[in-house]
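Read the numbers this way: they start at 1 and go in the same order the structure lists the ligands and their atoms. No hydrogens, no waters, no symmetry mates; every other heavy atom, side chains included, goes into these values.
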Amino acid sequence: MNVLGIETSCDETSAAVVGGGCRVLSSVVYSQIDHHRAYGGVVPEIAARRHVAAIRGTILEALTGSGLEWNQIDAVAVTRGPGLASSLIVGVTAARALSWRLGKPLLGLNHLEAHLYSVFLNRDRKEMGANLPMMVLTVSGGHTCLAMMHGLHDYEVLGVSLDDAAGEALDKGAKLLGLGYPGGPFIERCAYGGDPAFVSFPRGQARSVNAVRYGNYEPRFCFSFSGLKTALRYYLLKHPEVMEDARLLKNVACSYQEAVVDVLVDRTADALEHSGARTLACVGGVASNSRLRDCLQQMANRYGVQLLLIAPEYCTDNAAMVAGLGGALIVEGIDSGSETDIAPALRL
Ligand code: KG4
Ligand code: ZN
């Protein structure tokens with residue numbers, strides 16, 4: 001079962017071929033970062049135009065890289081949401097055309113579900129059952145979510161961020177600190193060797209009224225990061241010298257990163273205790289952060305659960321997770337993905 005996956009939900013144009021739902025045969029990610037850097041964030045119109053320019057070449061490169069011929073592709077899977085409407089439509093249109101031309105089925109998939117599934121890439125899929133139920137912390141630029149995975153396509157969302165996502169908090173913090181874009185990797189680099197206790201930034205608590213309004217979630221499993229960014233803004237107004245002193249900047253970046261990591265690990269530990277999960281996983285772009293990986297590992301050791309992490313290239317947006325999920329759904333005979341219209345606000 002070879003599936004060609006396409007991912008264009010935000011600012012990465014990506015295509016991949018995955019065999020048997022987990023063996024990555026090729027994974028091509030064309031990042032548009034250089035085109036958005038000057039604006040300090042993703043510009044939807046530019047993203048859509050870059051997707052149009054890159055999609056054909058990216059798909060062809062993925063096929064060539066896989067060593068397969070077109071007639072060996074059994075299905076096409078594409079992200080239909082959540083994401084930027086004008087970006088999603090490029091991937092979905094390409095996937096529809098390809099599926100029609102090949103005469104193979106098309107699956108429209110949820111980007112968040114694909115992130116959750118990413119942890120099984122390049123692993124033996126038979127291991128999957130042994131790892132369930134699995135607590136999954138998804139931390140990306142657009143989403144922060146704690147969910148229990150009971151099986152393929154069987155999830156229970158425990159909590160989400162009620163304002164900024166973890167990656168968004170890092171990106172906004174990096175902007176205030178005058179670091180590069182996107183901020184997460186720059187904060188990580190700058191924080192290295194700094195003092196995490198130099199500034200005591202707030203550990204945001206989600207307000208119960210918002211948690212209930214948002215999705216009837218328990219506030220203790222929800223996240224709030226917008227206050228942290230504001231705290232950094234006021235700290236820098238009070239201490240302008242930070243921007244002139246590399247040592248101070250390192251300590252402030254390190255304290256800021258620590259506040260984000262602390263909240264993520266704390267909520268996850270609480271959810272883990274409450275859930276009886278066998279395994280813990282962390283996925284999404286921020287899951288490539290080494291401080292977060294280390295702290296989650298220490299916490300998992302304390303609780304005696306196995307922590308599943310994946311190589312950083314599969315943490316950030318990629319089509320391998322889409323192709324993998326598509327293949328696994330087909331192999332397991334789970335009837336999902338028949339809806340292929342874009343859904344920019346799709347939830348898990
Ligand atoms: O999953 P992803 O590629 O896109 C979304 O679905 O949003 O995540 C992108 C996010 C950005 O906020 C980026 O700053 C963050 O992941 N990120 C990191 C690191 N690498 C990427 N955050 C912290 N440390 C990193 N090493
Ligand atoms: Zn993502």
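A donor and an acceptor atom, one from each side chain of D163 and S224, are located under 3.5 Å apart. Judged by distance alone, the side chains of D294 and Q298 never bring a donor and an acceptor atom under 3.5 Å apart. Side-chain contact annotation: T79 with E7, donor-acceptor N/O pair under 3.5 Å present. Side chains of D317 and H111: a donor-acceptor N/O pair is present below 3.5 angstrom, by distance only.
Around CH2 of W70, the count of heavy atoms belonging to other residues, nucleotides or ligands within 6.0 Å exceeds 12. In this structure, R56 places its CZ atom where only 12 or fewer heavy-atom neighbours from other residues, nucleotides or ligands lie under 6.0 Å away. Applying the 6.0 Å contact sphere to CD of E241 captures more than 12 heavy atoms from other residues, nucleotides or ligands. Other residues, nucleotides and ligands contribute only 12 or fewer heavy atoms inside 6.0 Å of the CZ atom of R49. Heavy atoms from other residues, nucleotides or ligands lying under 6.0 Å from OH of Y192 number 12 at most. The 12-atom threshold is not exceeded at CG of D335, counting heavy atoms of other residues, nucleotides or ligands nearer than 6.0 Å.
Taking distance alone, with nitrogen or oxygen atoms compared against 3.5 Å, P182 stays at or beyond that limit from ligand 1. Checked by distance only, ligand 1 and T316 stay at 3.5 Å or farther apart across all their nitrogen or oxygen atoms. Close N/O approach between G184 and ligand 1 is found [any backbone or side-chain N/O within under 3.5 Å].
Regarding atom 7 (O) of ligand 1, its nearest protein heavy-atom neighbour is G141 N, 2.8 Å. Nearest to atom 21 (C) of ligand 1 among the protein's heavy atoms is G285 O, 3.5 Å. Remark: minimum distance from atom 6 (O) of ligand 1 to any protein heavy atom is reached at D317 OD1, 3.1 Å. Nearest protein heavy-atom contact of atom 24 (N) of ligand 1 is N289 ND2, 3.1 Å. Nearest protein neighbour of atom 15 (C) of ligand 1, counting heavy atoms only, is V286 CG2, 3.9 Å. Looking only at heavy atoms of the protein, atom 11 (C) of ligand 1 is closest to D171 OD2, 3.6 Å. Nearest non-hydrogen protein atom to atom 20 (N) of ligand 1 is S288 OG, 3.3 Å.
Below 4.0 Å from some heavy atom of G142 lie the following atoms of ligand 1, by number and element: 7 (O). For ligand 1, the atoms lying closer than 4.0 Å to a non-hydrogen atom of G167 are 12 (O). For ligand 1 and L170, the ligand atoms under 4.0 Å from any heavy atom of the residue are 22 (N), 23 (C).
Here the CE-CG distance, from M134 to L116, works out to 6.5 Å after rounding to the nearest 0.5 Å.
If you look at H111 next to ligand 1, the close heavy atoms, those under 4.0 Å, all belong to the side chain. Within the 4.0 Å heavy-atom criterion, the part of C315 lying near ligand 1 is the backbone and not the side chain.
Taking the Zn ion (ligand 2) as the apex, the angle formed with NE2 of H111 and NE2 of H115 is 100°, to the nearest 10 degrees.
With distances taken over non-hydrogen atoms, the option nearest atom 26 (N) of ligand 1 out of E168, E12, E188 is E188.
D317 has its closest N, O or S atom to the Zn ion (ligand 2) at the position named OD1.
With respect to the salt-bridge test (charged N to carboxylate O, under 4.0 angstrom), the residues E188 and R291 do not qualify.
Distances from ligand 1 to the non-hydrogen atoms of A166 include no value under 4.0 Å. Assignment of H115 to the shell around ligand 1 is supported, since a heavy atom sits closer than 4.0 Å. Residue contacts with ligand 1 do not include C10, since none of its heavy atoms lies under 4.0 Å from the ligand.
For the Zn ion (ligand 2), the set of nearby N, O or S atoms under 2.8 Å includes none belonging to C10.
For the pair L4 and N2, the minimum side-chain heavy-atom distance is 4.5 Å or more.
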